[in-house]
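Take a look at the structure set out below.
Numbered from 1 within each chain, the chains take letters A, B, ... in sequence-line order.
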Amino acid sequence: AQTVTQSQPEMSVQEAETVTLSCTYDTSENNYYLFWYKQPPSRQMILVIRQEAYKQQNATENRFSVNFQKAAKSFSLKISDSQLGDTAMYFCAFMKLQGAQKLVFGQGTRLTINP
Amino acid sequence: DVKVTQSSRYLVKRTGEKVFLECVQDMDHENMFWYRQDPGLGLRLIYFSYDVKMKEKGDIPEGYSVSREKKERFSLILESASTNQTSMYLCASSSYRTSGKAYEQYFGPGTRLTVT
């Protein structure tokens, strides 16, 4: 079974700073996807970024980028130039490509951006 | 845009009641999922369905059942609600066919259920 671990329950930074959220996972699969989801106070879960395990290049989406270390089973999220609207719960998630498209989530990190 | 809706944002039920949580998606997705979200535990999969009338247990199916009679609708049923089922319930859908966004799950706004 796969497990996903987010070791930082809460983080807080000042607006415009850069922040990195950590995620590690455990799997014996070779082909899989990794995701970061954002859940703002409105509760609507939104996909932030996705990484295919077979791709060596780290995914980027505007101010959001990942550091994917497959051998270390590490998948961190970096938010550059943080904004007040980035305040949210962030969840790391794993999906293996074989079988049903089930997500396995980490515990979540509550990120607060302070003005 | 994909839209996933859930029947209630907040729900209060009494212990022993039968509870129905409804989820509807409008993008003809094959896959639908029910998760529960608890502080410090993240989201855990209760049940999922990959086609009409097809269902599979997730990681925590005990105390729950599901129904998928139509492709767009996936219902979560608490046969006899208990206080330990007080939680946030999130529905999601996905498709194998969505070009460029394969494997992305789209979530509903969640139902916060309180069982007293």
Side-chain angles (χ1 to χ4, degrees), chain A residues 1-10 21-26 29 31-55 59 61 75 77 88-111, chain B residues 1-6 8-10 23 25 29-51 54-61 68 74 87-98 100-113:
Chain A
Q2 290 75 32
T3 59
V4 178
T5 302
Q6 294 177 249
S7 58
Q8 304 152 311
E10 294 188 23
L21 280 59
S22 301
C23 173
T24 58
Y25 60 95
D26 188 24
E29 301 285 330
N31 296 316
Y32 51 87
Y33 277 72
L34 294 163
F35 303 85
W36 279 98
Y37 277 88
K38 169 185 176 181
Q39 187 182 43
S42 66
R43 297 183 349 206
Q44 184 65 55
M45 193 80 79
I46 305 163
L47 178 65
V48 175
I49 199 164
R50 173 179 60 206
Q51 175 78 43
E52 294 90 336
Y54 65 87
K55 289 187 177 179
E61 287 286 344
F75 182 60
L77 174 70
M89 282 290 291
Y90 286 82
F91 292 97
C92 178
F94 171 98
M95 178 191 288
K96 65 179 184 179
L97 295 190
Q98 297 295 329
Q101 297 178 346
K102 298 188 292 180
L103 284 169
V104 177
F105 285 88
Q107 302 91 332
T109 296
R110 184 176 301 278
L111 176 65
Chain B
D1 277 353
V2 176
K3 192 166 184 181
V4 180
T5 57
Q6 295 183 228
S8 306
R9 292 275 284 177
Y10 299 92
C23 175
Q25 51 93 4
H29 284 176
E30 306 87 29
N31 307 312
M32 296 189 74
F33 307 82
W34 275 107
Y35 298 90
R36 67 175 278 176
Q37 180 180 355
D38 299 290
L41 297 177
L43 281 73
R44 293 176 292 166
L45 182 64
I46 305 172
Y47 266 97
F48 68 98
S49 168
Y50 50 90
D51 202 351
M54 306 302 288
K55 60 186 180 184
E56 284 196 25
K57 294 179 180 180
D59 299 319
I60 52 165
R68 192 164 181 203
F74 191 35
S87 187
M88 173 79 77
Y89 291 88
L90 291 166
C91 175
S93 71
S94 71
S95 173
Y96 297 103
R97 298 177 282 108
T98 309
K101 294 191 175 183
Y103 308 111
E104 178 176 351
Q105 289 193 12
Y106 297 84
F107 284 82
T111 296
R112 189 175 295 282
L113 173 67

Query raised in the report: How far apart are the C-alpha atoms of A:Arg50 and B:Glu104, what are their side-chain angles, what is the distance that settles it, and do they pass the side-chain contact (heavy atoms from CB on, under 4.5 Å) test?
Result: CA-CA 9 Å; A:Arg50 173 179 60 206; B:Glu104 178 176 351; 4.2 Å; yes

Requested in this report: Could you give me the CA-CA distance, side-chain angles and deciding distance for A:Trp36 and A:Phe75, then say whether side-chain contact (heavy atoms from CB on, under 4.5 Å) is met?
Outcome: CA-CA 9 Å; A:Trp36 279 98; A:Phe75 182 60; 3.1 Å; yes

Query - Largest heavy-atom contact set with chain A, pairs under 4.5 Å, which of B:Pro39, B:Ala92, B:Gly40, B:Pro109 - result: B:Pro109

Report task. For atom CZ of A:Arg43, decide whether the heavy atoms of other residues, nucleotides or ligands shown that lie under 6.0 angstrom number more than 12. Result -> yes

Query - A:Gln39 portion near chain B, given a 4.5 angstrom heavy-atom threshold - result: side chain

Query raised in the report: Which residues satisfy the side chain to side chain donor-acceptor pair (under 3.5 Å) test with A:Ser22, sequence neighbours excluded?
Result: none

Report summary line: When the 4.5 angstrom heavy-atom criterion is applied to B:Leu41 and chain A, the contacting part is backbone

Query - salt bridge (charged side-chain N to carboxylate O under 4.0 Å, His left out) against B:Arg44, all qualifying residues, sequence neighbours excluded - result: B:Asp38

**Report entry** Atom group of B:Gln37 that falls short of 4.5 Å from chain A, counting heavy atoms
**Finding:** side chain

Query raised in the report: A:Leu97 versus chain B, heavy atoms under 4.5 Å apart: side chain, backbone, both or neither?
Result: side chain

Requested in this report: Begin with the C-alpha distance, continue with both residues' side-chain angles, and end with the deciding distance and a verdict on side-chain contact (heavy atoms from CB on, under 4.5 Å) for A:Lys38 and A:Leu77.
Outcome: CA-CA 11 Å; A:Lys38 169 185 176 181; A:Leu77 174 70; over 6 Å; no

Report task. Go through the atoms of B:Phe48 and report whether side chain, backbone, both or neither lie under 4.5 Å from a heavy atom of chain A. Result -> side chain

Report summary line: Turns out that what part of A:Met95 lies under 4.5 Å from chain B's heavy atoms comes down to side chain

